[in-house]
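Report on one structure; see the data block that follows.
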Number of protein chains: 2
Amino acid sequence: MNAQAPVIGTAPTTEAFAFPSLANGDHLDIEAIRQHVPVRRCKHAAGQGIYHAGQPFQALYLVHAGSYKTCELADDGREQVTGFRMRGSLIGTESIGLKNYSCDVIALEDSEAWELPYPAILRACLHLPELQTYLTSALAAEVRSNRSWMLSLGTLAAERRVAAFLLDVAARYAHLGYSAKHFILRMSRIDMASFLALKHETVSRALSRLDDLHFIAVERREVHMLDVDGLRAMAGTGAALN
Amino acid sequence: MNAQAPVIGTAPTTEAFAFPSLANGDHLDIEAIRQHVPVRRCKHAAGQGIYHAGQPFQALYLVHAGSYKTCELADDGREQVTGFRMRGSLIGTESIGLKNYSCDVIALEDSEAWELPYPAILRACLHLPELQTYLTSALAAEVRSNRSWMLSLGTLAAERRVAAFLLDVAARYAHLGYSAKHFILRMSRIDMASFLALKHETVSRALSRLDDLHFIAVERREVHMLDVDGLRAMAGTGAALN
DNA sequence: AACGGTTTGTAACAGTCTGTAACAGGATGG
DNA sequence: CCATCCTGTTACAGACTGTTACAAACCGTT
């Protein structure tokens, strides 16, 4: 299904994640949800969108495989990647309260997300109080993640931002059970650059320099983390949790 | 109560806002909440904090008068202003799901916020379904606001960011019933600069240049909006809603 | 295996933003 | 009332990032 080289490390099988671990460390029992919400599997080819800004808001999506980017669009054509989503991430929550989705979500590779119709979720919240709690916590965690990145983008120079980004990616892979020392970036330099508020050439330079400094070994999208402590020192410890 | 010059325009009296208008255009009946939640008035002098990162998360706060800034802190001392809050804004939601607050909230001037103990809010949600809906919508709106600013910060040059910021402030004043053409900025250049991911000198220069171009008339913290359309053109229409 | 298009890497150059400094205007407190 | 502090403004030199251009590697297709 995936044209790219597979993620490295002892990856749990897809089926082992019928109960996906969700944002903020909380776990949600998808089987319990299934009893109240009709879940539909949606596959997306690389480059294909789950939804686009302006389309009617009807469902949330739980990433099951692959990865996605969330993009904010301006009327005048400006575009900004605001985040990257992997397995276990709940997508679409930012549009709760609106009639239409407020952003685009696009698959970075061949991916799969589970569609959870929002009206059904609302009804399910009445029977599953944890679901309501989970939804609220997930939104709060999203706010914290965004603010944490605002801190990094506002206070770190280009190279340090890239270091923080790599640490964040590594932590997320580790959280999913993959290797945090050796992984494949799923996004292009341009997407990375957009997210980090840089140009893709600057990202290239920063990665090359981190390689020269032996903090990482990078070749195109394949990254080896050689000196995590060194990277942490560059990024200022926290390295923008997610 | 307020050491600064008062906000300009036909301002509604404080008492007229017993039912404050809240984020996302939704209104919430504070009197209905009072029946379930003990509301305590909290006054804060300029520079004083409502709460600080690390303190136990116990309550949300509804801004009633004055204004506040939210600040993100890094372990190594870096600091980032992530937002400014005015009357009607619900504060503390980002820490829902945590044991401790994740950021600092500091009064920019002598201000007042109403304390809403979180356990009581949770109980009240059982009796007031709109309260739950409101909470979730407020969080989603916060995510959208943050992402909208990520777009502006990532794609606009310094001068344009400042233009977008002024338009945002103006829109918020207008939403509260104040003049959108003539207002007093409540935050220092340093706070503005931090929020916009610039240096305070750059903000000063940008404001001076917008003045030279006759888009605004600015003198210290007092701003006249002379050419809103011109500013909108600079900021790329949207001007980061809030 | 060859092809075209996309992505990535490198370089030189230009430009914006920053850092430093000096100064001015208010505000604060004695 | 004066001295001091803080905030804000402006100027200039310099650093970092953005721009532009080009080459190489990779991808998917023919």
Side-chain angles (χ1 to χ4, degrees), chain A residues 1-6 45-48 69 78-81 106-110 152-163 165-166 184-212 216-223 234, chain B residues 2-5 45-47 69 78 80-81 106 108-110 152-163 165-166 184-213 216-223 234:
Chain A
M1 168 177 178
N2 192 334
Q4 285 243 323
Q48 192 184 354
K69 63 176 174 182
R78 282 173 298 126
E79 199 176 326
Q80 173 77 18
V81 174
I106 296 168
L108 294 174
E109 57 190 312
D110 293 346
S152 293
L153 302 184
T155 59
L156 296 179
E159 236 165 71
R160 292 167 188 259
R161 279 184 222 178
V162 173
F165 181 77
L166 292 175
I184 309 282
L185 295 169
R186 301 314 175 94
M187 72 294 295
S188 69
R189 294 286 188 270
I190 290 180
D191 286 335
M192 256 179 83
S194 172
F195 178 69
L196 296 174
L198 298 168
K199 296 298 164 185
H200 69 94
E201 294 91 335
T202 305
V203 172
S204 271
R205 274 189 294 230
L207 286 170
S208 298
R209 179 140 169 70
L210 291 177
D211 190 312
D212 292 345
I216 63 173
V218 58
E219 198 182 322
R220 297 185 60 83
R221 297 195 183 184
E222 184 175 1
V223 176
M234 286 196 79
Chain B
N2 193 335
Q4 285 241 324
K69 63 176 174 182
R78 282 174 299 126
Q80 173 77 19
V81 174
I106 296 168
L108 294 173
E109 56 190 312
D110 293 347
S152 293
L153 301 185
T155 60
L156 296 179
E159 238 165 67
R160 292 167 187 258
R161 276 184 224 179
V162 173
F165 180 78
L166 292 175
I184 308 283
L185 295 169
R186 300 314 176 92
M187 71 292 297
S188 70
R189 294 288 188 271
I190 291 180
D191 287 336
M192 259 180 81
S194 171
F195 178 69
L196 295 174
L198 299 168
K199 297 298 162 187
H200 68 96
E201 296 92 334
T202 306
V203 172
S204 267
R205 286 184 281 248
L207 286 169
S208 298
R209 178 136 172 70
L210 291 177
D211 190 311
D212 293 344
L213 293 171
I216 63 172
V218 59
E219 198 183 322
R220 296 181 63 81
R221 297 195 182 183
E222 183 175 2
V223 176
M234 286 196 79

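Just so we're on the same page: letters track the sequence lines, and every chain starts at 1.
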Quiz prompt | Base-contact (B) and sugar-phosphate-only (S) positions in nucleotides 6-19 of chain C, heavy-atom cut-off under 4.0 Å, - elsewhere | solution = -SSSB-B----SBB
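The CD1-P distance, from B:Ile184 to D:dT7, rounds to 17 Å in whole Å. In this structure, B:Leu108 atom CG and D:dT7 atom C1' are separated by 15 Å, rounded to whole Å. Between the P atom of C:dA27 and the CD atom of B:Glu109 lies a distance of 15 Å, rounded to the nearest Å. Between the CG atom of A:Leu153 and the C1' atom of D:dT17 there is a distance of 15 Å, given to the nearest Å. As rounded to whole Å, 13 Å separates atom P of D:dC27 from atom CZ of A:Arg186.
Under the 3.5 Å distance criterion, the side-chain polar atoms of B:Arg221 are left unmatched by any main-chain donor or acceptor of B:Arg189. Side chain of B:Ser208 to backbone of B:Ser204: a donor-acceptor contact under 3.5 angstrom is found.
Under the rule for a side-chain contact (heavy atoms from CB on, under 4.5 Å), the partners of A:Ala197 that lie at least two apart in sequence or sit in another chain are A:Arg161. Judged as a side-chain contact (heavy atoms from CB on, under 4.5 Å), and not counting sequence neighbours, the contacts of B:Lys199 are B:Glu201, B:Thr202. By the side-chain contact (heavy atoms from CB on, under 4.5 Å) test, A:Arg209 pairs with A:Glu159, A:Leu213, sequence neighbours left out. Evaluation of the side-chain contact (heavy atoms from CB on, under 4.5 Å) rule for B:Ala46 yields B:Asp110 as partners, not counting sequence neighbours.
Rounded to 10 degrees, the angle separating the terminal helix axes of the helix from C:dA1-D:dT30 to C:dG30-D:dC1, each built from five base pairs, is 50°.
Side-chain contact between B:Leu207 and B:Leu166 is present, with at least one heavy-atom pair separated by less than 4.5 Å.
The CG atom of B:Leu185 sits 11.0 Å away from atom CG of B:Asp191, with the distance rounded to the nearest 0.5 Å.
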